[in-house]
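A short worksheet on the structure shown next.
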Amino acid sequence: MNHGGNEKENMKTEQLSGFTADDKGEILTTNQGVKVSEDEHSLKAGVRGPTLMEDFHFREKMTHFDHERIPERVVHARGFAAHGEFRVYERMKEYTKAHFLQDPDDVTPVFVRFSTVAGSRGSAETVRDARGFATKFYTQEGNYDLVGNNIPVFFIQDAIKFPDLVHALKPEPHNEIPQAQSAHDTFWDFIANNQESAHMVMWAMSDRAIPRSFRMMEGFGVHTFRFVNEEGMAHFVKFHWKPVLGTHSLVWDEAQKIGGKDPDFHRRDLWESIEMGNYPEYELGVQLLSEEDEFKFDFDVLDPTKLWPEEDIPVKLIGKMTLNRNVDNVFAETEQAAFHAGNVVPGIDFTNDPLLQGRLFSYTDTQLIRLGGPNFHELPINRPVCPFHNNQRDGYGRQTINRGQVSYHNNSLAAGTPRPASGAEGGYVHYQEKVDGRKIRSRSESFNDFFTQATLFWNSMSTPEKEHIIQAFSFELGKVKSKSVQQQVVDMFANVSIELASAFAEAIGAVPPSGKDKEYAKSSPALSQENTKKLPLTRKVGVILGQDFNGEGVGAILDGLKQKGMQPEVISNKLGPVTGNKGEKIEAVHTFLTADSVLFDAIYAAGGTGNSLFMKEAARYVSEAFAHYKPIGATFEGMEILEKTCGAESRGVVAEDDSSTFISRFTDAVSAHRFWDRKLL
Ligand code: HDE
């Protein structure tokens, strides 16, 4: 661990690894270092006799095991993380003095943890939920944490309501049902009775809440923060992460099925992508607003239920983050990572957003119980890479061995050190905002418009996105048992869109709203995933292959798809090599049983022959992919499967024997991702 710090050398991510142990090839010892002679039998008085207390190896092993678990995070318990690095594109001196945002040659190590919010640590990953997107930048000036979500707004405006929100969202306390779901009475009761939530609920019911991959999600800092430059001049700033692969989602039926077929779908995707060298990349974007423009909008910039439309305040892309290393140990790194919205560096400051202000208290407090004491900053994953010195001492699990007799300030015995640094020396100086007011439990009237931006979101959706939102409300409220709560939600969302509220009222048998929508036609194209980047890169293609396949043709196609950046994986009725018509061998890495149609972005029935079970399973894969609007390809004997399922003429179906034409047309289809205008069977 190199804490040498002041030299301006680029920090390597390995610096974060701390105390590591590679046990491979080593002799088994106790934690005291005593070599163990036997590890299969406890020490007994006679082979059929009682176990003896003096068996220190047994006692130590069992005691450690008994204490292996720590409390899971109260929210965001289910998460997965990776290491990486960040580089700024250009000097940001005009806006902020933050050191890591100045020099494009500087590489700042990062650690990013993605998470769901509601579910327990073992819950499925493709549930409908917001996703956490928490980034720790290990800068030369200390750790900066950008603890964001994949949705740019939040349910509530004041932190004091967070425990209520989470109690309502979590499984209901009397029976602990349902796990990792918002589709139940207490959640929707909270929503209807806390209507500031309308905007975020629109996002939560949209495709954003069922992302295809952590690699294909946007991230948002949500709150308005401040950038402060060397001159002490401040700008309001909103942070964005923009995934280089674009923002993409699953469909709801698929997401639910994946929850059973592969509850680890998102972590597996991240892990495998990094192992394969397909490093996820995200650009850091900022929306900047000068302090004079604070009151120029029809929303309050301090209100965390509002976004700043990108068309009004453009997102300036200022750097790129690349995730390039998986963790070595999920517990030591991912589970013990302690993020804190209050971990800032000079040049980044807070605003009076009342949700942010409350978070500044909550994150340290929660680590004290979760990580068992005040020294969690010494865990390798949380330790800054720059030097740190102060007079804090002792506490559970203290690792630093502080030398000397002085642990107080001011002192003369250590010549007044450690000493504070002036602003010019890099000391953190809080932005000197003028604050004046009465002590009051209240909210500004400028926070009272709960519905306009919810309507903006609705107006910005494409037709299929709107249909998905209607289906999501219909599903969620269909699971709610209280007729009163159902009706309250219908009445609430009539304020967003009559079309929306009427559609789900109809589906759940509630009374449809009367009246007309207010006149509000504004939309923000940046909010629709229809307008995102569409690339074939890293898309998983399930290739169904039988014996005696056309070796030359299929071989050329699989090579071609790989060259275009896709990941073809062969599925057959048994594992091992499948043999082509000229003796070619292609390895089947999945069987119809071990994989499933929902785990792929596209299905390609490549050909070859199989028994009736093979044909039945192949047809099941193709039909399901078709129903999920996915691209389907077929060549050679594979066309027979199309005859039994969706036909060769449907939208997004590529039936073609010529290798190069197939590769080009199928690549286009995979880039399009889904064919919403397809007529389902
Ligand atoms: Fe959090 N949040 N939060 N949150 N949050 C936690 O901290 C809290 C909020 C977010 O991968 C907890 O270590 C309060 C908004 C992420 O480890 C806790 C309020 C946003 C993560 C906590 C909010 C977030 C957390 C639970 C309302 C998006 C996971 C465990 C004022 C900007 C970080 C923990 C990780 C985790 C409190 C609202 C993002 C209890 C009080 C808004 C990504 O401290």
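Order of appearance sets the numbers: ligands from 1, and atoms from 1 within every ligand.
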Which protein heavy atom lies closest to [atom], and at what distance to 0.1 Å?
atom: atom 34 (C) of ligand 1; answer: T366 CG2, 3.4 Å
atom: atom 17 (O) of ligand 1; answer: R73 NE, 2.7 Å
atom: atom 43 (C) of ligand 1; answer: G148 O, 3.2 Å
atom: atom 11 (O) of ligand 1; answer: R113 NH1, 2.6 Å

Candidates F339, F154, F80; heavy atom nearest atom 42 (C) of ligand 1 found on F154
Does the side chain of [X] come under 3.5 Å of the side chain of [Y] through a donor N or O and an acceptor N or O?
X: H377; Y: N382; value: no
X: E310; Y: S524; value: no
X: H184; Y: T186; value: yes
X: T305; Y: E196; value: no
X: H248; Y: T532; value: no
X: Q181; Y: R128; value: no
X: S273; Y: R215; value: yes

Using a strict 4.0 Å cut-off to heavy atoms of [X], name the atoms of ligand 1 that fall inside it.
X: V222; answer: 28 (C), 32 (C)
X: L355; answer: 27 (C), 31 (C), 42 (C)
X: V74; answer: 26 (C), 40 (C)
X: A159; answer: 31 (C)
X: G221; answer: 32 (C)

On a heavy-atom basis, which atom in D349 and which in V228 lie closest, and how many Å separate them?
CB-CG2, 4.1 Å
So, applying ring-ring contact (aromatic ring centres under 6.0 Å, His included) with Y144, which one of Y428, F137, F225 is it?
F137
Ignoring angles and geometry beyond distance, decide whether N149 reaches within less than 3.5 Å of ligand 1 through its nitrogen or oxygen atoms.
no
I160, CD1 atom: more than 12 neighbouring heavy atoms under 6.0 Å:
no
Heteroatoms of the protein, restricted to N/O/S, which lie under 2.8 Å from atom 1 (Fe) of ligand 1:
Y363 OH
Closer than 4.0 angstrom: is that true for some heavy atom of P304 and an atom of ligand 1?
no
Give a yes/no on ligand 1: does Q367 have at least one heavy atom closer than 4.0 angstrom to it?
yes
Decide yes or no on side-chain hydrogen bond (donor to acceptor under 3.5 Å, both in side chains) for T400 and E378, but give the supporting numbers first.
CA-CA 8 Å; T400 308; E378 293 187 326; 2.4 Å; yes
Hey, does the Lys NZ or Arg CZ of K242 hover above the aromatic six-ring of Y282, less than 6.0 Å from the centre and inside 45° of the axis?
no
